[in-house]
Amino acid sequence: MKKVNWGILSTAKIGREKVIPAMQQGQWSHVGAIASRSLAQAQQVADAMGIAKAYGSYDELLADPDIEAIYNPLPNDQHVAMTLAAARAGKHVLCEKPFAMNAREAEALREVAGKVHIMEAFMVRFHPQWLRARELVRSGALGELRTVQAFFSYFNRLPDNIRNRPEVGGGALYDIGCYAVVAGRFLFEAEPLRAMALFDRDPDFQTDRTVTAIVDFGDGRRLDFTASTQSVPYQRVQAIGTRQRLELEIPFNAPLGGSTRLFVDNASLPGGASAVAETLPPCNMYTLQGDAFSLAVRGEIALPYGLDDAICNMRILDALFKSGQTGHWEDV
Ligand SMILES: NC(=O)c1ccc[n+]([C@@H]2O[C@H](COP(=O)([O-])OP(=O)(O)OC[C@H]3O[C@@H](n4cnc5c(N)ncnc54)[C@H](OP(=O)(O)O)[C@@H]3O)[C@@H](O)[C@H]2O)c1
């Protein structure tokens with residue numbers, strides 16, 4: 001089977017540092033072109049990364065007939081418009097998270113959904129530690145899963161960074177809170193009914209710098225999480241059942257090419273002393289994500305997540321933002 005030929009939309013940091021090198025290691029993915037608003041910038045990155053073609057505009061990349069799939073890591077406010085443009089040009093699109101600014105905007109992609117593959121790039125869902133965690137939940141090892149609890153933070157007050165610019169979709173919920181939402185949906189394998197959130201905004205940037213939320217999945221099941229762009233870096237996911245507690249040590253930024261650990265604790269000893277560690281072998285979740293998408297492009301597997309999934313996620317973010325304004329529970 002021939003590798004899928006990918007084009008990269010922009011010289012975004014996440015592409016340069018993580019996604020492109022990972023895809024270049026893929027069994028089914030080849031990175032054939034990169035575009036930037038500046039040809040010099042595109043050329044420089046192409047030369048440094050061994051990418052054959054460089055374009056000085058995004059439109060030129062979309063017009064390249066050799067490119068089959070696009071990776072879209074543009075600022076959040078451009079995700080839908082450029083994913084739509086790429087899809088209309090007949091390209092399959094792996095689009096970075098958050099998929100859109102809101103669910104309504106994402107609905108515009110229904111026009112092209114049946115024609116090409118479109119997936120939101122939540123690479124964590126391809127990591128064996130997430131798959132193993134879900135397997136443990138499914139097996140009943142935790143008893144009944146009652147609570148998924150997530151924390152995700154870093155400290156970034158750089159004024160030019162897209163995370164601190166509200167006009168391009170900055171803020172903690174869009175940038176990292178969305179991962180916690182995915183963790184809840186992934187482990188409960190359900191969609192929530194309602195959500196509530198408390199936001200703290202940066203006085204200068206006006207972005208949400210800390211968000212704390214409760215997401216109600218019904219029947220006593222809830223996700224609660226805090227995400228912050230201005231706290232000491234930390235991340236954890238716990239799945240708490242009626243009999244055991246499961247913990248993912250590095251749930252979101254698992255070391256690329258490194259091993260990971262999860263813990264299962266029956267609480268027979270206090271303070272987590274009875275937790276049993278399970279080590280997952282080294283992998284690169286961006287490689288796994290790229291190859292899964294490429295296999296779907298070739299028709300070898302069904303696309304694991306599509307437009308409906310991305311819209312479901314956006315509906316939850318919408319409800320959380322609305323709750324921040326109303327101070328009430330909001331239906332999803
Ligand atoms: N999945 C993950 O692990 C992960 C991690 C980090 C970020 N992300 C997502 O990836 C996306 C990019 O994040 P990043 O941190 O890599 O951002 P970044 O380095 O700022 O890259 C964004 C790129 O978009 C292009 N661009 C076009 N219009 C722009 C504008 N008005 N302002 C700034 N840049 C503009 C620029 O490329 P050119 O100059 O080449 O045109 C820029 O390099 C975001 O959606 C983010 O949520 C995902």
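Please read these numbers as outputs of a predicted model, since none were measured by experiment. Each ligand, and each atom within it, is numbered from 1 in the order the structure gives. The chain is numbered in sequence order, starting from 1.
Atom CG of Leu145 and atom CG of Leu246 lie 9.0 Å apart (nearest 0.5 Å). Atoms OG1 and CG, on Thr207 and Asp202 in that order, are 5.0 Å from each other to the nearest 0.5 Å.
For atom 12 (C) of ligand 1, the closest heavy atom belonging to the protein is Pro73 O, 3.1 Å. Remark: minimum distance from atom 19 (O) of ligand 1 to any protein heavy atom is reached at Lys13 N, 2.9 Å.
Within the cation-pi definition used here (under 6.0 Å to the ring centroid, within 45° of the axis), Arg201 qualifies as a partner of Phe199.
Residue Tyr71 has no nitrogen or oxygen atom sitting less than 3.5 Å from a nitrogen or oxygen atom of ligand 1, judged on distance alone. Taking only nitrogen or oxygen atoms, main chain and side chain alike, Tyr58 reaches within less than 3.5 Å of ligand 1. When only interatomic distances are considered, the shortest N/O to N/O separation between Ala35 and ligand 1 does not fall below 3.5 Å. Not one N or O of Val168 is nearer than 3.5 Å to an N or O of ligand 1, by distance alone.
Residues Tyr174 and Phe321 bring their aromatic ring centres within 6.0 Å.
When Glu167, Glu96, Gln289 are ranked by how near their heavy atoms come to atom 1 (N) of ligand 1, first place goes to Glu96.
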- Task: Assess whether side-chain contact (heavy atoms from CB on, under 4.5 Å) is satisfied between Leu74 and Glu96, documenting all intermediate values.
- Result: CA-CA 8 Å; Leu74 289 170; Glu96 268 304 343; over 6 Å; no

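Those atoms of ligand 1 with a heavy atom of Tyr286 less than 4.0 angstrom away are 2 (C), 3 (O).
Side-chain contact check for Thr279 and Ser259: no donor-acceptor pair (N or O, by modelled atom type) lies under 3.5 Å.
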